[in-house]
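The shown structure was predicted, so the numbers you read here are calculated from the model rather than taken from an experiment. Chain A is the first sequence line, chain B the second, and so forth, proteins listed ahead of strands; every chain is numbered from 1.
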Amino acid sequence: MDIKAVERKWQGIWEKTKFNHFDPKSDKPKHYVLEMFSYPSGAKLHIGHWYNYGPTDSYARFKRMQGYNVFQPMGFDAFGLPAENYAIKTGVHPKDSTEKNIETMEGQLRAMGAMFDWSQEVKTCDESYYKWTQWMFLQLYKKGLAYRKEAPVNWCPSCQTVLANEQVVENCCERCGTPVVRKNLTQWFFKITEYADELLSGLDTLDWPEKTKAMQRNWIGRSTGCEIEFECETGDKIRVFTTRCDTAFGVTYVVLAPEHPLARKLATPEQMAAVEEYIDYAARASEIDRLSTTREKTGVFTGSYAVNPMNGKKVPIYLADYVLATYGTGAVMAVPAHDERDFAFATKYSLPILKVIENPNGETVLPYTEDGIMVNSLSFDGLMGEEAREMVSKHLSKLSKGGKKVNYRLRDWLVSRQRYWGAPIPVVHCPVCGAVPVPEKDLPVRLPYEVEFKPDGKSPLAKCEKFMHTTCPKCGGEAMRDPDTLDTFVCSSWYYLRYADAHNDRAPFDRDAVDRLLPVDTYVGGAEHACMHLLYARFFTKALRDMGYLDFDEPFKRLIHQGVILGPDGNRMSKSHGNVVSPDDYVEQYGSDAFRLYLMFGFSYTEGGPWSDDGIKAIAKFLDRVEKLILKVKDEQAGENEPYGADEKALNYARNFAIQRVARDMEAFSFNTAVARLMELLNAASKYDALERKNVTLLKATVKDLILLLAPCAPHTAEELWEIWGGKQSVFAQDYPKEDAAALVLDETEYAVQVNSKIVCRAMIANGMTNEEIEERAKSLPEVQARMQGKAVKKCIVVPGRLVNLIVG
RNA sequence: GCCGCCGUGGCGAAAUUGGCAGACGCGCAGGACUUAGGAUCCUGUGCCGCAAGGCGUAUCGGUUCGACCCCGAUCGGCGGCACCA
């Protein structure tokens, strides 16, 4: 078979017949298969793309043959830093390089032969798309879910932009690895924290990898505890958050984060200089050595005191950078006897350590951080654990000095970026009216082409006079545009909705179209998005639901992460490792079907592993053998009185077993075993074909099923073989074979026979025997008798269809 | 430090979730057809042993008639979080 010609032929036919288009009029049940869209980088498709898209396309084709109306769109996540950085280096405009890259990748994706519905293609950098990204921003703003505030933000000095929390990995920029610094800036945020609880509880309903759900739970970080209000001599109130309010009587000082609004206010004149110095030190320290986890604790006394509402005791107020400004209230009560960090700090600064919890099971070694019995706690003495905390928080509510409180680790999503290649934030800053959203009718706010994007810490758009100067939509006076662009994760938070109605120019999508297609039934992509894209997209869905644009709660019902194909040396493929393997040569030599099939067969799909091409030849050989068998069998004529004996039963069993297992394995994304079952079926059919006298009708039926089962995994080859076979229409218009349960019931089954749990032999046992009959049959076997030597059977365990175990003694 | 996952032949991997460990394939060995084979087709292939047999799912222990699977400890690898009060 001239595989390249066959690929071209069928890709042409699929194109011409609009075979890949979703049919909105079909009455078949829909199935939305979505692969995460790609970033149009300069390089060609790499093995990662192939590994994501190839096998998943086979899944989509499988669902289609099963009778689903499958929708499998494709598009490009086209805004983003690499194009801009490339422009800075080479002077090629991001729009030009991106459009060129998209064109190249479209060609390559088409050549893969996946059934992407290109009629609904989405490119996030197109005006027709980012217009609606901006519209999303405006809806969130209207709903109070987008707001601007000054806050300490993560700044990447290399990328010259702020980053969301999710984009900071070990205090470094996720993209370039540069340590991030903290800056106080006024930026736009999305109030994702408002959905923290639902984002958490919704996970329980999802068919997602447990690991990913665990990561999201972790990231959201729900923590239940108690807020306690400490009143200062100045009248200021310090609220602290604690999960251990049962230790409240052990508070010997209170600590504020250096960035806490009261930090300076509470400094007494004598301490002012030291406090200023410390605040300055903390700001610098956070830039220098945030990486050190064993960093020694530092702090400074403010000179002020606050009153513990539980016992009226006055305790000193400190500043220390082991308290984070961004979590809880930015202030904690310090209980050095029962907290490691407070213990270290108190020891260093010679602060008192007061034991208020007793170990119920032995000696209480400080710091003792487990649950225990309250002591030195007035009327609360003797209480323990959850009950103790309940009583203390109730008491605080009664005093109006605090009470139960839930906190989250999740922060609001910072969406402003000081970069050029993104969707402009649709806001105008008016000296009179303040921040004013651009009216929807004026969208899109167009990204200007002529812009100087050399990074200097300011948004490139800020330097574009033509863009910046505008009039206030409210008062008509002179005003300036927001110079920032939106985080590209905003674009990718709703693309799966746009696919449903990609050409709509009146709305981001039509409600009916979305209702018809969503939620996504099967979503496949890399695990690296667990806490970014996948969390943001869920947030968008819930927010849009609450604004009345949708009525489902979760965008992605089922999620699969493909594994990572590593370089042959076991490291992640990268230019710097010099271990990048390109799919192109393999595709050229063996064809796209063989390459895809090898990816499916050679790896456990969700595991991935180091690349090796051992075995790719075996796949080519397998496809060859299939072809040979078909060519040989197709013209064979059925004779009269065709035999139907043991050989035929065996073949029919193999055929139906394959049908059953391939379907099961495809559904489970267990592609390697599905392909193994196809190989077994081929082996069985070939073996049967070699017989002298055969049942041609049965053989032909088996070979036909083999083509159909193979079709999703090797689409071009299967179409061609189907045509050679004499099949009508596309092979994908055929029904997926359904197994005949009767053929899977054998007359007898091989049992493992055990005596005292040790296998002594195997025996064919007729189906339908009772356990007693099986026991008798086992006892009669010579191997068994040799081991029993007249001893009695104390117990007999029969596992139907598997084994019989005689316990003797 | 905390959370999660993983550890199976020479190699990639399977195992209906407590029931014959190693399916399928690579590799290797032997054979057939061949002037030739790096094509194709048979046969064999977990380890030790000539064999009978014994040993085998990181290690040690436990539960069970029976454990790759469940429980406890240890070692090794990977991923996430990391002063979150």
**OP:** Quick one: list whatever passes side-chain contact (heavy atoms from CB on, under 4.5 Å) with A:A346, sequence neighbours left out.
**Re:**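 For A:A346 the side-chain contact (heavy atoms from CB on, under 4.5 Å) partners, ignoring immediate neighbours, are A:Y253, A:P336, A:L351, A:I353.
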At 4.0 Å (heavy atoms only), tell me whether [X] reaches a base, stays on the sugar-phosphate, or touches nothing.
X: A:G608; result: sugar-phosphate
X: A:E210; result: nothing
X: A:G602; result: sugar-phosphate

Nearest to the [X] side chain among [options], which nucleotide is it?
X: A:S604; options: B:U40, B:A85, B:A14; value: B:A14
X: A:I759; options: B:A21, B:G19, B:A14; value: B:A21
X: A:K628; options: B:G4, B:A85, B:U40; value: B:U40

Atom-pair distance ([atom1] on [X]; [atom2] on [N]), nearest Å:
X: A:F671; N: B:A13; atom1: CZ; atom2: P; result: 16 Å
X: A:K758; N: B:G53; atom1: NZ; atom2: P; result: 12 Å
X: A:I565; N: B:A13; atom1: CD1; atom2: P; result: 9 Å
X: A:E528; N: B:C78; atom1: CD; atom2: P; result: 18 Å
X: A:Y327; N: B:C83; atom1: OH; atom2: P; result: 12 Å
X: A:M600; N: B:A13; atom1: CE; atom2: P; result: 16 Å
X: A:W611; N: B:C11; atom1: CH2; atom2: C1'; result: 15 Å
X: A:R572; N: B:C78; atom1: CZ; atom2: P; result: 13 Å

Original post:
Salt bridge between A:K779 and A:E776, side-chain N to carboxylate O under 4.0 Å?
Top reply: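 A:E776 and A:K779: salt-bridged.
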Subject >> Ion pair A:D204/A:R217, N-O distance below 4.0 Å >> reply: yes
Expressed in whole Å, how much space separates the [atom1] atoms belonging to [N] and [M]?
N: B:C47; M: B:C28; atom1: P; value: 16 Å
N: B:G7; M: B:A15; atom1: P; value: 12 Å
N: B:A58; M: B:A51; atom1: P; value: 28 Å
N: B:C71; M: B:G10; atom1: C1'; value: 34 Å
N: B:C41; M: B:C26; atom1: P; value: 10 Å
N: B:A39; M: B:C33; atom1: C1'; value: 11 Å
N: B:A73; M: B:C55; atom1: P; value: 29 Å
N: B:G56; M: B:C2; atom1: C1'; value: 36 Å

Subject >> A:Y751 vs A:V323, nearer the 5' end of RNA chain B by closest nucleotide >> reply: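 Result: A:Y751.
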Original post:
Starting at the 5' end of RNA chain B, which residue's closest nucleotide do you reach first, A:F603 or A:V799?
Top reply: A:F603
Original post:
Looking at the angle O4'-C1'-N9-C4 for a purine or O4'-C1'-N1-C2 for a pyrimidine, is B:U17 syn or anti, with syn meaning within 90° of 0?
Top reply: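 Because its glycosidic torsion lies within 90° of 0, B:U17 adopts the syn conformation.
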Original post:
For B:G25, is chi within 90° of 0 (syn) or not (anti)?
Top reply: anti
**OP:** Can you sort out the partners of A:R655 under salt bridge (Lys or Arg N to Asp or Glu O under 4.0 Å), two or more places apart, ordered by chain and number?
**Re:** A:D705
Original post:
How does RNA chain B look in dot-bracket notation if pairs are Watson-Crick or G-U with both distances under 3.5 Å, crossing ones as [ ], other-strand ones as |?
Top reply: (((((((..(((......[....)))((((((.......))))))(((....)))..(((((..]....))))))))))))....
Original post:
CG/A:N218 to CZ/A:R409 distance, rounded to the nearest 0.5 angstrom?
Top reply: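 Result: 7.0 Å between the selected atoms.
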Original post:
Rounded to the nearest 0.5 Å, how far does CG of A:L559 lie from CE of A:M36?
Top reply: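 It comes to 6.0 Å.
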Contacts under 3.5 Å, N or O only, protein and nucleotides 64-71 of chain B:
unit_1: B:C65; atom_1: O2'; unit_2: A:S757; atom_2: OG; d: 2.2
unit_1: B:C65; atom_1: O2; unit_2: A:N805; atom_2: ND2; d: 2.6
unit_1: B:G66; atom_1: O4'; unit_2: A:S757; atom_2: OG; d: 3.3

**OP:** Give the ring-plane orientation class for A:H529 versus A:H533, where under 30° counts as parallel, over 60° as perpendicular and anything between as tilted.
**Re:** perpendicular
Subject >> Whether A:F345 and A:Y318 hold their rings parallel, tilted or perpendicular, with breakpoints at 30° and 60° >> reply: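 Plane angle over 60°, so perpendicular.
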Original post:
For the ring pair A:Y536 and A:W413, is the centre-to-centre distance below 6.0 Å?
Top reply: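 Yes, ring centres under 6.0 Å apart.
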Original post:
Should the pair A:R596 and A:W50 be classed as cation-pi, given the thresholds of under 6.0 Å to the six-membered ring centre and 45° from the axis?
Top reply: no
Original post:
Under 4.0 Å: is that the gap between some side-chain N or O of A:R217 and OP1 or OP2 of B:C81?
Top reply: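 Indeed not, no polar side-chain atom of A:R217 lies that close.
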Original post:
For A:S223 and B:A85, is the shortest distance between a side-chain N/O and OP1 or OP2 below 4.0 Å?
Top reply: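 Affirmative; the distance criterion is met.
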Let me check something: any side-chain donor-acceptor pairs from residues 610-619 of chain A under 3.5 Å, sequence neighbours excluded? List them with distances.
unit_1: A:W611; atom_1: NE1; unit_2: A:Y586; atom_2: OH; d: 3.4
unit_1: A:S612; atom_1: OG; unit_2: A:D614; atom_2: N; d: 3.2
unit_1: A:D613; atom_1: OD2; unit_2: A:Y586; atom_2: OH; d: 2.7

Listed pairs, N/O of protein and of nucleotides 24-26 of chain B, under 3.5 Å:
unit_1: B:G25; atom_1: OP1; unit_2: A:N683; atom_2: ND2; d: 3.1

Subject >> Closest approach of A:L256 to A:A331 (non-hydrogen atoms, all atoms of both residues) >> reply: CD2-CB, 3.5 Å
Original post:
Is there a ring pair (Phe, Tyr, Trp, His ring centres under 6.0 Å) between A:Y598 and A:F595 once you walk through the steps?
Top reply: CA-CA 5 Å; A:Y598 176 61; A:F595 188 67; 7.4 Å; no
**OP:** Evaluate the criterion ring pair (Phe, Tyr, Trp, His ring centres under 6.0 Å) for residue pair A:Y51 and A:Y605; output intermediate values, then yes/no.
**Re:** CA-CA 8 Å; A:Y51 194 55; A:Y605 190 64; 4.9 Å; yes
